[in-house]
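Counting from 1, the numbers follow the sequence of the chain as shown. In listed order, ligands and their atoms are each counted from 1. Just so we're clear, the structure is a prediction, and the values are computed from it rather than from any experiment.
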Amino acid sequence: MTSIKRILVTGGAGFLGSHLCERLVQASHDVICLDNFFTSQKSNVAHLLDLPNFELIRHDITSPIWLEVDEIYNLACPAAPGHYQYNPIKTIKTSVLGAINVLGMAKRCRAKVLQASTSEVYGDPEEHPQTESYRGNVNPIGPRACYDEGKRAAETLFMDYHRMNKVAIRIVRIFNTYGPRMHPYDGRVVSNFIRQALVGNDISLFGDGSQTRSFCYRDDLVSAIIAMMGAPNDFVGPVNIGNPKEFTIRELAEMVIELTGSKSKLVFAPLPADDPTRRRPDISLAKEHLGWEPETPLREGLLKTIDWFHSINLGHYRPPTPNF
Ligand code: NAD
Ligand code: UDP
């Protein structure tokens, strides 16, 4: 039997955060969802608001907050390139000050704290597939650096609080994850292609579409991060979490067209600066230490995501709030 814990999820109203909150609430934990709604909206967690074991706080994690908790999942950070490049200074502050604030809280409360890091710490990788020991190839002064270097600095802070202050930490490096409740205008490739296919717009392929990504369905991802939080204390990570099946972006576009039955055409646009040419996780560590591997094939996950896109009213979603 698992004991009931008080758990903070920063970025808890976002795409992954809202699913994580749902799973933790279902497991009877006492969940505090903290979010400033920069890239999300209250509707993602509206169905949880009346539950006695769920609480929503509007707060920006760049400012300290005093809460008493047993565990913290630190997900607060814009994740889509368009969102994190919208205000790059705010993005790096969110990663760095956010990490300092949750680590300070964890130290004070003796809580366990998990950092949602990213495959972006590997930059445009020269090692393929990427293992956790690979140190990466990040451009520190490019347009993606606010996110990549922010997440790298957060990992540094997590390891230093762990070594110096004995804070119980966990670090997961998340590879491209998709599913229902992605923001339809976040500009990420899965949401863009599905939205474009459903409304009959052209599908925008950046570059020649030969760059690769490995797509993980959100349910698999959430299972992995919960497993990582529960891992023995001598396994703090970083650990890669993702689906090792690799696709070109062109293959993804063709699959979306096939599954939606859309008549949309592929159009080519310039590749954004520093766009990684390939990405695939080596998940040996996750298999060995967490007994985890993804179960959902891309076609199955895409069909569920397409169903969800069919069910929403695009008029209810707006671009990120320009208030920073
Ligand atoms: P998301 O944009 O849907 O969620 C991020 C949430 O954080 C949003 O609800 C946003 O409003 C909130 N937020 C942003 N800045 C904040 C701040 N200063 N204070 C409080 N809340 C703030 O994105 P997501 O895909 O759910 O990503 C969640 C986490 O997982 C992020 O940390 C992201 O870097 C990481 N991650 C995601 C992926 C992926 O493929 N989805 C890949 C790698 C890493
Ligand atoms: N991409 C694309 N068309 C789009 C959006 C993205 O071709 O409309 C490409 C993008 O250039 C990148 C890949 O798809 O090579 C994944 O992009 P995304 O923004 O989803 O995530 P990233 O992995 O780059 O952070």
Side-chain angles (χ1 to χ4, degrees), residues 9-21 33-42 44-45 57-63 65 73-85 87 90-91 93-95 97-99 101-102 114-121 124 144 147-148 150-151 154 172-179 181-183 186-196 201-216 218 221-222 225 240-242 247-250 252-253 266-279 320-321 324:
V9 181
T10 77
F15 159 52
L16 294 177
S18 60
H19 288 288
L20 177 61
C21 285
C33 167
L34 177 156
D35 208 296
N36 72 347
F37 300 109
F38 174 46
T39 61
S40 58
Q41 53 287 314
K42 205 169 146 191
N44 282 351
V45 289
I57 301 176
R58 182 187 286 259
H59 179 81
D60 190 313
I61 200 59
T62 56
S63 298
I65 182 166
Y73 290 85
N74 187 37
L75 272 61
C77 186
H83 282 165
Y84 67 65
Q85 289 171 22
N87 183 337
K90 176 72 189 189
T91 299
K93 279 187 182 172
T94 297
S95 272
L97 298 176
N101 289 329
V102 296
L114 178 144
Q115 168 67 359
S117 190
T118 167
S119 52
E120 287 282 329
V121 300
D124 190 5
R144 298 175 84 102
Y147 183 71
D148 301 6
K151 290 285 189 178
V172 293
R173 290 182 179 156
I174 302 172
F175 284 65
N176 298 65
T177 302
Y178 68 99
R181 240 181 257 155
M182 295 186 85
H183 193 296
D186 67 9
R188 287 191 263 201
V189 70
V190 173
S191 31
N192 254 15
F193 286 1
I194 294 179
R195 196 193 70 250
Q196 290 164 337
N201 288 345
D202 291 336
I203 306 276
S204 54
L205 274 180
F206 298 162
D208 62 4
S210 64
Q211 70 273 34
T212 68
R213 294 292 187 272
S214 308
F215 298 99
C216 185
R218 59 113 213 257
L221 186 281
V222 169
I225 61 178
N240 289 339
I241 302 295
F247 293 86
T248 66
I249 295 304
R250 188 180 184 123
L252 174 75
L266 302 184
V267 294
F268 294 87
L271 192 67
D274 296 335
D275 198 290
T277 46
R278 56 193 182 159
R279 181 181 288 158
T321 321
F324 292 85

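F175 places a side-chain heavy atom less than 4.5 Å from the side chain of N240. Side-chain atoms of R173 and V121, non-hydrogen and from C-beta on, do get closer than 4.5 Å to each other. Within the 4.5 Å cutoff, no side-chain heavy atoms of T94 are placed close to those of Y84. Within the 4.5 Å cutoff, the side chain of T248 has heavy atoms near those of the T212 side chain. Side-chain contact between F15 and T39 is absent, with no heavy-atom pair separated by less than 4.5 Å. Using a 4.5 Å cut-off on side-chain heavy atoms (C-beta onward), T62 and K90 make contact. A heavy-atom distance below 4.5 Å is not found between the side chains of H183 and R188. Side chains of I65 and I57 form a contact here, defined as non-hydrogen atoms less than 4.5 Å apart.
Residue contact annotation: A253 has no non-hydrogen atom under 4.0 Å from ligand 2. Assignment of T10 to the shell around ligand 1 is not supported, since no heavy atom sits closer than 4.0 Å. At least one heavy atom of R144 lies less than 4.0 angstrom from ligand 2. Residue-ligand proximity: A80 is placed with every non-hydrogen atom at 4.0 Å or more from ligand 2. Put simply, part of K151 is less than 4.0 Å from ligand 1, judged by heavy atoms.
Residue L16 has at least one heavy-atom neighbour below 4.0 Å for each of these atoms of ligand 1: 26 (O), 30 (O), 37 (C), 41 (N). Set against the non-hydrogen atoms of N176, the atoms of ligand 1 under 4.0 Å away are 40 (O). Every atom of ligand 2 is numbered from 1 in the order shown, and the set under 4.0 Å from a heavy atom of N176 is 21 (O), 22 (P), 23 (O). Below 4.0 Å from some heavy atom of G187 lie the following atoms of ligand 2, by number and element: 5 (C). Residue contact check: N192 has heavy atoms under 4.0 Å from atoms 4 (C), 5 (C), 8 (O) of ligand 2. Close contacts of ligand 1 with A13, meaning ligand atoms under 4.0 Å from a residue heavy atom, involve 9 (O). Near P81, meaning under 4.0 Å from any of its heavy atoms, are these atoms of ligand 2: 19 (O), 25 (O). Close contacts between ligand 2 and E120 involve ligand atoms 25 (O) [criterion: under 4.0 Å to a heavy atom]. Within the listing of ligand 1, atoms 11 (O) sit less than 4.0 angstrom from a heavy atom of F37.
Side chain of Q115 to main chain of A99: no donor-acceptor pair is present (N/O by atom type, distance under 3.5 Å, no hydrogens or angles).
The CZ atom of R278 lies 11.5 Å from the OG atom of S214; values are rounded to the nearest 0.5 Å. With values rounded to the nearest 0.5 angstrom, S95 atom OG is found 8.0 Å from N74 atom CG. Distance check: N36 CG to D60 CG gives 4.5 Å after rounding to the nearest 0.5 Å. If you take CG on L75 and CD1 on I225, they are separated by 5.5 Å, rounding to the nearest 0.5 Å.
Nearest heavy atom pair, residue S210 against residue D208, reads OG-OD1, 2.6 Å. Of all non-hydrogen atoms in P276 and Q211, the two that sit nearest each other are O-CB, 3.9 Å. Nearest heavy atom pair, residue Y147 against residue P78, reads CE1-O, 3.3 Å. Counting all heavy atoms, side chain and backbone alike, T177 lies closest to M182 at O-CE, 4.1 Å. The heavy-atom pair separating I61 from A76 by the smallest distance is CG2-CB, 3.8 Å. In terms of heavy-atom proximity, G12 sits nearest to V45 at O-CG1, 3.8 Å.
Using a cut-off of 4.0 Å between Lys/Arg side-chain N and Asp/Glu carboxylate O, R195 and D186 are scored as not salt-bridged.
Only side-chain heavy atoms of Y147 come within less than 4.0 Å of ligand 1; its backbone N, CA, C and O stay farther off. Heavy atoms of H59 found under 4.0 angstrom from ligand 1 belong exclusively to the backbone. Looking at T94 against ligand 1, only its side chain comes within 4.0 Å, counting heavy atoms. Heavy atoms of S117 found under 4.0 angstrom from ligand 1 belong exclusively to the backbone.
Of all protein heavy atoms, the one lying nearest to atom 3 (N) of ligand 2 is S204 O, 2.6 Å. Among protein heavy atoms, atom 13 (C) of ligand 2 sits closest to I249 CD1, 3.7 Å. Of the protein's non-hydrogen atoms, D275 OD2, 2.6 Å is the one closest to atom 11 (O) of ligand 2. Ranking protein heavy atoms by distance to atom 7 (O) of ligand 2, first place goes to F206 N, 2.8 Å.
Aromatic ring pairs are classed by plane angle as parallel below 30°, tilted from 30° to 60° and perpendicular above 60°; the pair F247 and F215 is tilted.
Considering each of I241, N36, N87, the one bringing a non-hydrogen atom nearest atom 21 (N) of ligand 1 is N36. Checking R188, E120, R213 against atom 24 (P) of ligand 1, the nearest heavy atom belongs to R188. For atom 16 (C) of ligand 2, the nearest non-hydrogen atom from the set R278, M182, R213 belongs to R213. Selection from C77, G179, A79, G14 by nearest heavy atom to atom 5 (C) of ligand 1 gives C77.
In terms of N/O distances under 3.5 Å, ligand 1 is not approached by T62. Not one N or O of K90 is nearer than 3.5 Å to an N or O of ligand 1, by distance alone. At least one N or O atom of F38, backbone or side chain, sits closer than 3.5 Å to an N or O atom of ligand 1. Ligand 2 has an N or O atom lying under 3.5 Å from an N or O atom of Q211, backbone or side chain. For ligand 2, the polar-atom distance check finds no N/O of Y84 at less than 3.5 Å from any of the ligand's N/O atoms. At a 3.5 angstrom cut-off on N or O pairs, F15 counts as close to ligand 1. Backbone and side-chain nitrogen or oxygen atoms of V189 are examined, and one is located within less than 3.5 angstrom of a nitrogen or oxygen of ligand 2. Of the polar atoms of L75, at least one N or O is found under 3.5 Å from an N or O of ligand 1, judged by distance alone. Considering backbone and side-chain atoms alike, S40 places an N or O below 3.5 Å from some N or O of ligand 1. Annotation: H83 places no N or O atom under 3.5 Å from an N or O atom of ligand 1; distance criterion only. Of the N or O atoms in R279, one or more lie within a sub-3.5 Å distance of an N or O in ligand 2. Between L205 and ligand 2, a contact under 3.5 Å exists for no N or O pair. Between I61 and ligand 1, a contact under 3.5 Å exists for at least one N or O pair.
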Salt bridge (Lys or Arg N to Asp or Glu O under 4.0 Å) between E120 and R144, worked out: CA-CA 9 Å; E120 287 282 329; R144 298 175 84 102; 2.6 Å; yes
